[in-house]
J.: 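Got a structure here, written out as structure tokens. Questions coming.
Note that the structure is predicted; figures quoted are calculated from it, not measured. In what follows, every heavy atom counts, from backbone to side chain, and hydrogens, waters and symmetry copies are set aside.
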Amino acid sequence: MFLIALHRAEKSFGSWSVLRGLDIDIADGARIGVVGPNGAGKSTLLRILAGLEPIETGLLTHRKGCVTAYLPQQVEGDTRDPIRTVLEARPDVAALNTALLTCEAELAAPALAADLRRMARVLRRQEGLLEQWVAAAGPGLEGEARALLTDLGLDPAALGAPTNELSGGERKLVALAACLIRRPDVLLLDEPEAHLDGARREDLERLLATFEGAVVIVSHDRHLLDEMATEIGELDGGRMTRWPGNYSAYVLQRDLALKRQQERYVTQQKEIARLEEAIHRFRAWFAIAGDERNIVQARNKQRQIDRMDVVDKPVFERRRMALELRPRMRGGQKVVALRRVTVAFDDDPVLLDVDLTIFRGERLGVVGPNGAGKSALGYVLAGLLEPLAGERWIGPSISVGYLGQKPPARPAESTPLGLIRSTAPMLEQEAVNLLGRHLFRYEQMRDPMGALSGGERIRLELLLLSLSGANCLVLDEPTNHLDIDSLEVLEAEVERFDGTVVVISHDRYFLDRIPDRIVEVRDGEVAAYEVGYSDWLSHTSRTSATKLV
């Protein structure tokens with residue numbers, strides 16, 4: 001039995017058609033991972049399934065009583081604390097609480113004692129409301145909210161803080177808890193892993209494994225998709241193709257399907273060529289001899305071509321962004337060094353007596369829990385934050401390029417085309433061609449920045465970074481919001497980059513491939529390990545096990 005069914009859905013934004021006759025059915029217990037290039041409409045699809053975005057044509061149906069919960073890609077905070085935020089995700093319980101308070105006020109009124117019939121009606125109403133309140137888990141709702149936030153890994157110290165003071169990862173956890181407390185039949189998750197550290201991503205995987213309802217998840221975390229998805233929905237060109245199995249199985253199946261399609265395409269093209277040659281031959285014979293039978297034969301051959309089910313030429317590789325990270329100069333052997341560096345925010349120490357030296361050509365992976373000070377370390381290395389104490393030294397020929405977790409604030413009227421031309425002087429057509437090679441549509445180049453998706457903003461910032469010609473890159477969560485194709489391009493470019501790279505990341509695939517040295521930030525301290533991510537992970541696992549024994 002389907003919980004949600006979407007058929008023949010059409011959706012456009014201006015002249016850009018996002019969905020073109022898309023079909024998707026979500027069965028009870030489904031685990032669907034949605035993948036596709038940035039701008040393909042993945043977030044739009046989730047909003048449509050949640051009932052938050054209208055469709056122009058098509059049919060969307062929800063099973064009667066089906067409860068959906070939607071986690072957006074970006075979660076903004078406000079003045080409410082996490083507990084209140086989660087509790088207010090259950091307005092039904094709040095309404096019952098209000099109704100019960102109204103009943104109590106009525107029963108306490110002195111005038112009611114003289115009207116027994118009215119008192120009986122109020123008591124019956126109160127009894128019914130109490131039954132509904134208990135059925136809705138009203139008595140233990142606050143305890144359930146606390147337990148959800150704790151299980152998801154939210155620090156107890158953050159429970160009383162306004163959500164607008166929490167980190168992006170912490171706000172995401174609060175929003176996820178608000179989804180879960182609704183006890184949904186369908187969870188619609190848009191990049192739930194963004195901004196979460198490794199431990200919290202593992203908590204998320206365990207939670208999804210035990211969740212009894214259906215899950216539709218848009219994610220670029222290949223490890224997460226391998227762990228939780230039992231089906232992959234590939235969204236491209238406005239339509240969805242469904243593939244059984246997890247992400248790794250999908251990649252294999254898609255490659256095999258493309259090879260089979262290539263074989264059918266080649267066979268069909270040979271047959272079409274043979275028939276067209278016969279058509280030309282019969283027409284030539286008719287021109288020579290005037291025999292009408294030759295024209296009939298030519299028409300029959302043409303009908304055979306027209307009746308064929310056309311096999312499209314397979315696209316083995318989607319068009320990808322043409323990112324090129326090239327330093328303008330080589331730079332010295334010693335790139336940057338920190339000596340007894342201390343960083344504090346509002347007298348709250350984040351990093352204490354940090355010593356770290358980075359050499360040319362190194363690939364450093366910076367890891368650690370959220371809030372440990374990884375971004376602060378990145379700021380100091382990039383020269384964007386002065387340490388409270390200690391010294392930062394940088395080589396005289398070193399130029400640092402920085403990409404932050406959040407793209408920098410830009411003027412509301414700025415456009416991608418304007419930003420490119422202000423960063424590197426060039427003709428307009430050159431800038432248009434450059435943006436086109438980074439997968440921006442022509443109309444997007446002149447649209448305000450606010451119209452871009454998260455992944456498109458990151459692609460633009462990477463393009464601006466490439467124009468800087470820096471020979472030392474500091475990348476803070478560069479994989480957030482990038483589609484998998486763009487991730488693979490970024491990985492390849494970082495690998496071949498003829499300079500130094502410091503990358504702060506929680507993406508396990510990315511960390512496995514890129515760093516040759518791991519820097520762990522924890523409890524204000526920084527420790528360097530001369531190993532890759534997998535070896536570091538094995539080492540820390542063994543160390544933790546030894547401590548437990």
J.: Determine yes or no for a side-chain-to-main-chain donor-acceptor pair under 3.5 angstrom, with Arg20 supplying the side chain and Glu10 the backbone.
T.: no
J.: So if I apply the salt bridge (charged side-chain N to carboxylate O under 4.0 Å, His left out) rule between Arg222 and each of Glu193, Glu491, Glu227, which one comes out positive?
T.: Glu491
J.: Evaluate the criterion side chain to side chain contact (heavy atoms under 4.5 Å, CB included) for residue pair Val218 and Gln73; output intermediate values, then yes/no.
T.: CA-CA 9 Å; Val218 172; Gln73 191 179 110; 5.9 Å; no
J.: Return yes when atom CD of Glu443 has more than 12 non-hydrogen atoms of other residues, nucleotides or ligands closer than 6.0 Å, and no otherwise.
T.: yes
J.: Search all heavy atoms of Ala194 against all heavy atoms of Asn480 and return the closest pair with its distance.
T.: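 Answer, listing the atom of Ala194 first, then Asn480: CA-OD1, 3.9 Å.
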J.: Which value, rounded to the nearest 0.5 Å, describes the distance between Ile504 atom CD1 and Gln405 atom CD?
T.: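 CD of Gln405 is found 7.5 Å from CD1 of Ile504.
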J.: Quick one: CG on Leu52 to OG1 on Thr68, what's the gap to the nearest 0.5 Å?
T.: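 Leu52 CG to Thr68 OG1: 7.5 Å, rounded to 0.5 Å.
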J.: Is there a donor in the side chain of Gln304 and an acceptor in the side chain of Asn300, or the other way round, less than 3.5 Å apart?
T.: no
J.: If you define the side chain from C-beta out and look only at heavy atoms, does anything of Leu463 sit under 4.5 Å from Met321?
T.: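 No. Closest side-chain heavy atoms not under 4.5 Å.
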J.: Any side-chain donor-acceptor pair under 3.5 Å between Ser375 and Asp476?
T.: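 Side chains of Ser375 and Asp476: pair found under 3.5 Å.
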J.: Go through the steps to decide whether Leu465 and Glu461 satisfy the test side chain to side chain contact (heavy atoms under 4.5 Å, CB included), and finish with yes or no.
T.: CA-CA 6 Å; Leu465 185 67; Glu461 295 300 330; over 6 Å; no
J.: How many angstroms lie between NE2 in His438 and CD in Glu456, if you round to the nearest 0.5 Å?
T.: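 One gets 13.5 Å once the value is rounded to the nearest 0.5 Å.
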J.: According to ring pair (Phe, Tyr, Trp, His ring centres under 6.0 Å), who are the partners of Tyr70, at least two apart in sequence or on a separate chain?
T.: none
J.: Answer yes or no: does atom CD of Glu212 have more than 12 heavy-atom neighbours from other residues, nucleotides or ligands under 6.0 Å?
T.: no
J.: Going by atom types only, do His7 and Asp25 share a side-chain donor-acceptor pair under 3.5 Å?
T.: yes
J.: Find the distance between CG (Leu419) and CE (Met449) and round it off to the nearest 0.5 Å.
T.: 5.0 Å
J.: Can you find a side-chain donor-acceptor pair between Ser538 and Asp535 that sits under 3.5 Å?
T.: no
J.: What are the two closest heavy atoms between Phe497 and Ala470, and how far apart are they?
T.: CZ-O, 3.4 Å
J.: Give a yes or no on whether the backbone of Gly36 and the side-chain of Asp236 come within a donor-acceptor separation of less than 3.5 Å.
T.: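 No; zero donor-acceptor contacts below 3.5 Å.
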J.: Under the 3.5 angstrom rule, does the side chain of Asn294 hit a backbone N or O of Arg283 as a donor-acceptor pair?
T.: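 No; zero donor-acceptor contacts below 3.5 Å.
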J.: Is there a donor-acceptor pair under 3.5 Å between the side chain of His62 and the backbone N or O of Leu49?
T.: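 Here the side-chain-to-backbone pair exists.
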J.: Arg171 side chain to Val75 main-chain N or O, any donor-acceptor pair under 3.5 Å?
T.: yes
J.: Is a donor on one side and an acceptor on the other found under 3.5 Å between the side chain of Arg363 and the backbone of Val494?
T.: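 At least one qualifying donor-acceptor pair exists.
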J.: Output, in order, the C-alpha distance, side-chain angles, deciding distance and verdict of side chain to side chain contact (heavy atoms under 4.5 Å, CB included) for Val266 and Gln269.
T.: CA-CA 5 Å; Val266 169; Gln269 291 302 306; 5.8 Å; no
J.: Please list all pairs passing the ring-ring contact (aromatic ring centres under 6.0 Å, His included) test where one or both residues lie in residues 263-314, with sequence neighbours left out.
T.: Phe282-Trp285
J.: Do we get Arg459 above Phe440's six-membered ring, with its NZ or CZ under 6.0 Å from the centre and within 45° of the axis?
T.: yes
J.: Does the pair Arg200 and Asp203 meet the rule for a salt bridge (Lys or Arg N to Asp or Glu O under 4.0 Å), with working shown?
T.: CA-CA 5 Å; Arg200 284 166 173 164; Asp203 290 338; over 6 Å; no
J.: Strictly distance-based, threshold 3.5 Å: is any side-chain N or O of Glu191 a donor or acceptor partner for the main-chain N or O of His220?
T.: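 Checking the backbone N and O of His220 against the side chain of Glu191, no donor-acceptor pair under 3.5 Å is found.
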J.: Checking Lys11 side chain against Pro54 main chain: does a donor-acceptor pair fall under 3.5 Å?
T.: yes
J.: So do the side chains of Leu6 and Thr61 get within less than 4.5 Å of each other, counting heavy atoms only?
T.: no
J.: Ignoring hydrogens and geometry, is there a side-chain-to-backbone donor-acceptor pair from Glu488 to Asp485 under 3.5 Å?
T.: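 It does not hold such a pair.
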J.: For Tyr247 and Asp221, does a side-chain donor sit closer than 3.5 Å to a side-chain acceptor?
T.: no
J.: Is it the case that more than 12 heavy atoms not belonging to Phe13 sit under 6.0 Å from its CZ atom?
T.: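 Enclosed.
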J.: Could you walk me through whether Leu473 and Val502 satisfy the side chain to side chain contact (heavy atoms under 4.5 Å, CB included) test, starting with their C-alpha distance in whole Å, then the side-chain angles of each, then the deciding distance to 0.1 Å, before giving a yes or no?
T.: CA-CA 6 Å; Leu473 304 180; Val502 179; over 6 Å; no
J.: Is Met308 atom CE crowded by more than 12 heavy atoms from other residues, nucleotides or ligands, each under 6.0 Å away?
T.: yes
J.: Give the intermediate values and the outcome of side chain to side chain donor-acceptor pair (under 3.5 Å) for residues Asp226 and Tyr509.
T.: CA-CA 11 Å; Asp226 268 347; Tyr509 266 72; 3.1 Å; yes
J.: Salt bridge (Lys or Arg N to Asp or Glu O under 4.0 Å) for Arg274 and Glu271? Distances and angles first, verdict last.
T.: CA-CA 5 Å; Arg274 186 186 68 80; Glu271 179 63 9; 2.7 Å; yes
J.: Check side-chain hydrogen bond (donor to acceptor under 3.5 Å, both in side chains) between Thr500 and all other residues, then give those that pass, not counting sequence neighbours.
T.: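 Testing Thr500 for side-chain hydrogen bond (donor to acceptor under 3.5 Å, both in side chains), a comparison that skips the adjacent residues, returns none.
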J.: Please determine, by modelled atom types, if Glu53 and Thr44 share a side-chain donor-acceptor pair under 3.5 angstrom.
T.: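 Glu53 vs Thr44: no donor-acceptor pair found between side chains.
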J.: Return the minimal non-hydrogen interatomic distance between Arg421 and Ala431, and the atom names on each side.
T.: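 Answer, listing the atom of Arg421 first, then Ala431: CG-CB, 3.8 Å.
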J.: Which residue, Glu205, Arg201, Glu202, forms the side chain to side chain donor-acceptor pair (under 3.5 Å) with His223?
T.: Glu205
J.: Counting heavy atoms not belonging to Arg299, are there more than 12 under 6.0 Å from its CZ?
T.: no
J.: Looking only at heavy atoms, what is the nearest atom pair of Pro416 and Leu452, with distance?
T.: CG-CD1, 4.1 Å
J.: Please examine the side chains of Tyr250 and Leu225, heavy atoms only from C-beta on, and report whether any two atoms are closer than 4.5 Å.
T.: no
J.: Check for a donor-acceptor pair, side chain of Gln268 on one end and backbone N or O of Asp309 on the other, with a separation under 3.5 Å.
T.: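 Flag set: sc Gln268 to bb Asp309 pair under 3.5 Å.
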J.: With salt bridge (Lys or Arg N to Asp or Glu O under 4.0 Å) as the test, would you mind laying out the steps for Glu234 and Arg254 before giving the verdict?
T.: CA-CA 10 Å; Glu234 181 184 23; Arg254 184 188 60 179; 3.7 Å; yes
J.: With heavy-atom distances below 4.5 Å as the criterion, would you say the side chains of Phe211 and Pro184 are in contact?
T.: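 Yes, side chains in contact.
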J.: Would you give the length of the straight line joining atom CD1 of Ile55 to atom CZ of Arg8, rounded to the nearest 0.5 angstrom?
T.: 11.5 Å
J.: Could you state the interatomic distance from CG (Leu482) to CG (Leu462), rounded to the nearest 0.5 Å?
T.: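 Reported to 0.5 Å precision, the distance equals 6.0 Å.
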J.: Would you say CZ of Arg326 has more than 12 non-hydrogen atoms from neighbouring residues, nucleotides or ligands within 6.0 angstrom?
T.: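 Check passes, neighbour count above 12.
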J.: Just do the salt bridge (Lys or Arg N to Asp or Glu O under 4.0 Å) check on Arg31 and Glu231 with the steps written out, would you?
T.: CA-CA 6 Å; Arg31 294 287 189 276; Glu231 183 180 358; over 6 Å; no
